[in-house]
Amino acid sequence: MPKAHKQGTKPKSRESGLGTRCVHAGEEKHGHAASLTTDIARTSVFALPNVDYLRGITKRGSGDYYYTRNGNPTTAVAEEKIAALEGGAGCVVTASGMSAILAAALATCKAGDEIVSMQDVYGGTIKLFGDVLGKLGITTKWVPFEGTRDLSKYCSKKTKLVFVETPTNPTLRCIDLRSAAKAAHAVGAALMVDNTFATPVLQLPLSLGADIVMHSATKFLGGHSDISAGAVVAKDAQLVAKMRDASVSTGGTLDPEASYLLIRGLKTLEVRVERASKNAGDIADFLEGHKKVSRVFYPGLASNESHNIARAQMSAYGMMLSVDIKGGGKAAETFINALQLWYLATSLGGVESTVSYPVLSSHVNCSAKQLKELEISGATVRLSVGIESCDDLIADLEQALAKAKSDLPQRTRRNAKF
Ligand SMILES: Cc1ncc(COP(=O)(O)O)c(C=O)c1O
């Protein structure tokens, strides 16, 4: 029986290029008629040969598979691959991005401890830290974006976890990770980075000083909008073990079928990201200065407030951008309804290009004051750029922008042209 949780990037994987790790890490195949693809261990439990074996596996850390919530060989492959991409000691794959954050928070904090988190994080993270962890006696100090330039002002002896997201949703603000790590480490806290928008293809937080990196693998890591999954990677193997304990105990394990889809998505991560990021750059250039657009949020633009930070710590500027449509909320709605190729969807990171409308989705619960601080308004539309032919994406944006002021009836996909 194969051993569970024997993770860590093998020296061979470490030396390989990123594309090779995407395809091969965690999946070495040897022997006659070995499946080239990873088998799905579609089982909730594993048969054991005898009672002595059972006696052995109940000892903590024996590393055998016995119950899928505790460990599954298909999921272990996804974990090894992601650890190899992020350069960590190990990875815990979870049922969602939220369960990945929960596992890391429980592994680093207990009642009486404090999390220091930037305010510009995913809405679900705000709810988890504020409402759920608050009930467990773990408090959160929220840092406005201007404060993230010097996080040390917010950290104290009580701080055990510093949490940042970069680039942020939906205004693509970037955080200097080296400086955030310095502030966290000065008080003995761990720095955790939500790397969902950048992916390890464009940004490696652990190499910039972070201790933990997490993903909503629902997004670019999975890449095909067909799974809900999360991943959390740490530099330190003991921390990985603690996060695994927390994930197993809170039932955050990913189903092996979804783990298989995650593995398959990861194989093409580098090529998808390279293509989509190039598309996004071309689209940002097209939108900047367009007469129907009052602002483009994209860290790749020299005019963007986060351009220098992004240039210093990312290898390209990413697949996400946002725009403010001239004419406010009504114009933004007519623009979205006029799109024919871009889907309106409340997620991101798939091969298909999508738009979302933050004031009615990710930020629907924000007060007017919060929206102002985050620079989000009814005019703001978020774009997740896919891997389609860029000319088609731009042509669709162009025709929809031309209609941005008029009162068009709701579009139906049946009469879509593409
Ligand atoms: C940046 C970011 N982090 C975390 C999450 C939560 O991930 P999930 O929906 O997979 O739980 C999301 C979801 O949209 C996200 O956009």
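Computation of the quantities below employed the complete heavy-atom set of this structure, encompassing side-chain atoms and omitting hydrogens, waters and symmetry-equivalent molecules. Each residue takes its place number in the sequence, starting with 1. Keep in mind it's a predicted model, so treat the numbers as computed, not measured. Numbering of ligands and ligand atoms starts at 1, following listing order.
- No side-chain heavy atom of L344 sits under 4.5 Å from any side-chain heavy atom of T354.
- Below 4.0 Å from some heavy atom of G97 lie the following atoms of ligand 1, by number and element: 7 (O), 8 (P), 10 (O), 11 (O).
- Summary of contacts: the protein heavy atom closest to atom 10 (O) of ligand 1 is T218 OG1, 2.6 Å.
- Residue contact annotation: A217 has no non-hydrogen atom under 4.0 Å from ligand 1.
- At the shortest separation from atom 9 (O) of ligand 1 among protein heavy atoms lies K219 NZ, 3.8 Å.
- Inter-residue side-chain proximity for D236 and D211 is flagged as unmet; no heavy-atom pair is nearer than 4.5 Å.
- Between F46 and Y66, the distance from one ring center to the other does not fall under 6.0 angstrom.
- Listed by number with element, the atoms of ligand 1 under 4.0 Å from a non-hydrogen atom of A229 are 10 (O).
- Summary of contacts: the protein heavy atom closest to atom 16 (O) of ligand 1 is Y122 CD1, 3.8 Å.
- Remark: side-chain polar atoms of R295 are not paired, donor with acceptor, to backbone N or O of S322 under 3.5 angstrom.
- Considering backbone and side-chain N/O atoms, N169 never comes within less than 3.5 Å of an N/O atom of ligand 1.
- Heavy-atom proximity to D194, at under 4.0 Å, picks out these atoms of ligand 1: 1 (C), 2 (C), 3 (N), 4 (C).
- Side-chain atoms of T38 and E27 include a donor-acceptor pair closer than 3.5 Å.
- Taking the ring centroids of F220 and H215, they lie at or beyond the 6.0 Å cut-off.
- Checked by distance only, ligand 1 and I101 stay at 3.5 Å or farther apart across all their nitrogen or oxygen atoms.
- Listed for the K160 side chain is a donor-acceptor partner under 3.5 Å among the backbone atoms of K157.
- Using a 4.0 Å cutoff on heavy atoms, H215 does not count as a contact of ligand 1.
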